[in-house]
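Before any comments, here is the structure.
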Number of protein chains: 2
Amino acid sequence: MLTRIEFEALKKMKIMFGSVNFGFINTIKLAEMLATSQQSASRILISLSNEGYITRKTESRKQRIVITEKGIEILRQELNELTSALNPVENIDVQGQVQSGLGEGRYYVSRKYYIVQFQEKLHFLPYLGTLNLRISDSDAEKIALLNNRSGIEIHGFKTEDRTFGGAKAFRCKVNNVDCAVLMPERSVHRDVLELISPYYLREKLSLKDGDEVKVQIYLKERN
Amino acid sequence: MLTRIEFEALKKMKIMFGSVNFGFINTIKLAEMLATSQQSASRILISLSNEGYITRKTESRKQRIVITEKGIEILRQELNELTSALNPVENIDVQGQVQSGLGEGRYYVSRKYYIVQFQEKLHFLPYLGTLNLRISDSDAEKIALLNNRSGIEIHGFKTEDRTFGGAKAFRCKVNNVDCAVLMPERSVHRDVLELISPYYLREKLSLKDGDEVKVQIYLKERN
DNA sequence: ATTACTATACCTCGAGTAA
DNA sequence: TTTACTCGAGGTATAGTAA
């Protein structure tokens with residue numbers, strides 16, 4: 001992983017070079033820009049080059065630096081993260097395809113300790129089963145946003161036999177019906193959303209496997 | 001200065017909390033989010049708090065974290081830098097007020113070694129004097145952008161008596177007349193722009209001290 | 001349970017310097 | 001000139017652990 005000063009160097013060079021992604025610099029000048037030593041500037045250019053963020057060609061008095069695609073990409077990624085941090089979205093819309101679960105959802109959702117929490121925190125008593133929606137690849141990164149969000153906390157618990165893990169929930173609507181997305185606490189990358197609702201959604205919305213539905217997920221606990 | 005991981009922690013918490021700038025977290029969860037140890041997460045929260053980026057209140061199982069104005073500010077600052085890095089501006093517009101120089105500009109601009117370079121690199125033979133423009137406070141940060149830009153390099157030189165420092169130039173227009181901004185190589189914060197031009201600008205544009213002019217500065221060497 | 005101190009291992013920085 | 005190596009000083013991270 002890039003250290004802070006390496007990232008700074010990459011950013012400052014990109015700013016300096018402008019829209020053409022190359023330019024000339026020497027270690028003394030870079031050291032000045034970063035308020036560090038010439039030796040460190042040298043090391044930074046070597047690291048950035050080794051890691052493939054820049055390529056360079058040493059000349060007599062300065063070096064020609066090209067910022068690679070990978071270098072631009074990491075800057076852009078940081079920009080995106082900061083944008084989502086400072087201009088937070090309130091809800092996300094995804095498209096999902098109804099699919100059959102393995103009956104596991106029904107088992108978990110039926111545990112008393114969970115049910116009490118659903119009632120308390122989601123303000124409804126759920127139908128004892130889940131609706132599973134497969135999310136398209138194009139919407140997968142929207143779902144990934146949920147990994148960084150805390151959501152409504154559902155605590156785990158232990159019985160004599162086994163441990164039931166914690167989860168987090170987000171309020172959502174499917175075809176205008178109130179429900180909630182349930183995700184395991186430890187975020188695993190998944191392309192399936194599990195929904196709970198006061199209603200048996202398959203019946204209420206006349207859904208069968210393969211049907212497409214629109215889901216609007218609310219990131220805030222209440223509006 | 002914030003270390004990379006401290007900055008990451010601040011950003012991740014901001015993303016997690018959304019538009020309300022507070023939320024709950026514990027050191028174990030934060031450690032997970034940052035792929036580091038619980039001890040480091042603890043230290044990070046202590047540092048961020050000591051430096052005034054967050055305030056916190058420890059509860060039984062988690063802490064209530066509030067991201068302060070200073071914390072938001074440093075995130076926003078980074079966002080701005082990255083935006084300008086990845087969406088580079090081609091030119092900047094500032095307003096300046098004509099003022100009298102000390103005659104120094106005339107002395108420097110008249111040095112042969114400089115004149116040859118102006119001719120070669122700016123493609124004009126300058127009038128032997130500079131037009132000094134005082135930049136308003138509100139435009140000062142636009143000018144600060146130039147510090148990070150390389151511009152057109154004007155080399156320094158030595159005579160028997162003394163050393164003449166290097167400079168950088170940016171093409172610009174004042175009231176539609178071609179000219180160039182000249183800045184010392186070592187960027188010093190200044191609120192005065194020195195312009196050179198093929199013409200005696202005061203005469204050509206009928207300017208007197210105190211007159212306001214608009215300057216458009218081009219950041220790229222040519223369009 | 002979670003937090004954070006201590007101690008040690010590890011890493012990063014820059015002065016000196018060779019090429 | 002500028003670049004980058006070595007090495008010692010200082011700073012940072014984590015395991016162990018007390019509160």
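Note that the coordinates shown come from a computational prediction; the quantities given were computed from them, not determined experimentally. Every chain is numbered from 1 and lettered A, B, ... according to where its sequence line falls, protein lines coming before strand lines.
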Quiz item: cation-pi between A:R111 and A:Y107, 6.0 Å / 45°: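 Yes; both conditions hold, so A:R111 lies above the ring face of A:Y107.
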Sub-3.5 Å pairs of nitrogen or oxygen atoms, protein against nucleotides 16-19 of chain D:
residue	atom	partner	partner atom	Å
D:dG16	N7	B:Q39	NE2	3.4
D:dG16	O6	B:Q39	NE2	3.2

Would you tell me if any nitrogen or oxygen in the side chain of [X] comes within less than 4.0 Å of OP1 or OP2 on [N]?
{"X": "A:S40", "N": "C:dG14", "value": "yes"}
{"X": "A:T36", "N": "C:dG14", "value": "yes"}
{"X": "B:R43", "N": "D:dA13", "value": "yes"}
{"X": "B:R56", "N": "C:dT2", "value": "no"}
{"X": "A:T27", "N": "D:dA4", "value": "no"}

Return the value, rounded to whole Å, for the distance between atom [atom1] of [X] and atom [atom2] of [N].
{"X": "B:L30", "N": "C:dT3", "atom1": "CG", "atom2": "C1'", "result": "13 Å"}
{"X": "A:L2", "N": "C:dT12", "atom1": "CG", "atom2": "C1'", "result": "15 Å"}
{"X": "B:I5", "N": "D:dG11", "atom1": "CD1", "atom2": "P", "result": "19 Å"}
{"X": "A:K57", "N": "D:dT3", "atom1": "NZ", "atom2": "C1'", "result": "18 Å"}
{"X": "B:I28", "N": "C:dA4", "atom1": "CD1", "atom2": "C1'", "result": "12 Å"}
{"X": "A:Q63", "N": "D:dT1", "atom1": "CD", "atom2": "P", "result": "18 Å"}
{"X": "A:R64", "N": "D:dT3", "atom1": "CZ", "atom2": "P", "result": "16 Å"}
{"X": "A:L34", "N": "C:dC13", "atom1": "CG", "atom2": "C1'", "result": "14 Å"}

Qualifying residues under salt bridge (charged side-chain N to carboxylate O under 4.0 Å, His left out), relative to A:K70, sequence neighbours excluded: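 Counting only residues at least two positions away or on another chain, A:K70 forms no salt bridge (charged side-chain N to carboxylate O under 4.0 Å, His left out).
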End axis versus end axis in the helix from C:dT2-D:dA19 to C:dA19-D:dT2, the angle rounded to 10°, five pairs used at each terminus: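 So the angle between the two local helix axes works out to 40°.
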Sequence neighbours excluded, every pair satisfying salt bridge (charged side-chain N to carboxylate O under 4.0 Å, His left out) that has a member inside residues 192-201 of chain A: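 Salt bridge (charged side-chain N to carboxylate O under 4.0 Å, His left out) check on residues 192-201 of chain A returns A:R190-A:E194.
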Residue whose closest nucleotide on DNA chain C lies nearer the 5' end, B:K62 versus A:A35: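 Between the two, 5'-proximity favours B:K62.
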Kindly write out the residues that satisfy side-chain hydrogen bond (donor to acceptor under 3.5 Å, both in side chains) with [X], not counting sequence neighbours, or none if the list is empty.
{"X": "A:R56", "value": "A:Q63"}
{"X": "B:E104", "value": "none"}
{"X": "B:N80", "value": "none"}
{"X": "B:Q117", "value": "B:K121"}

Donor-acceptor list for residues 41-52 of chain A side chains, cut-off 3.5 Å, not counting sequence neighbours:
residue	atom	partner	partner atom	Å
A:R43	NH2	A:S40	OG	3.3
A:S47	OG	A:E6	OE2	3.4
A:S47	OG	A:R43	O	3.1

B:L30 CG to B:Q38 CD distance, which is reported to the nearest 0.5 Å: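 Taking CG in B:L30 and CD in B:Q38, the distance rounds to 10.0 Å.
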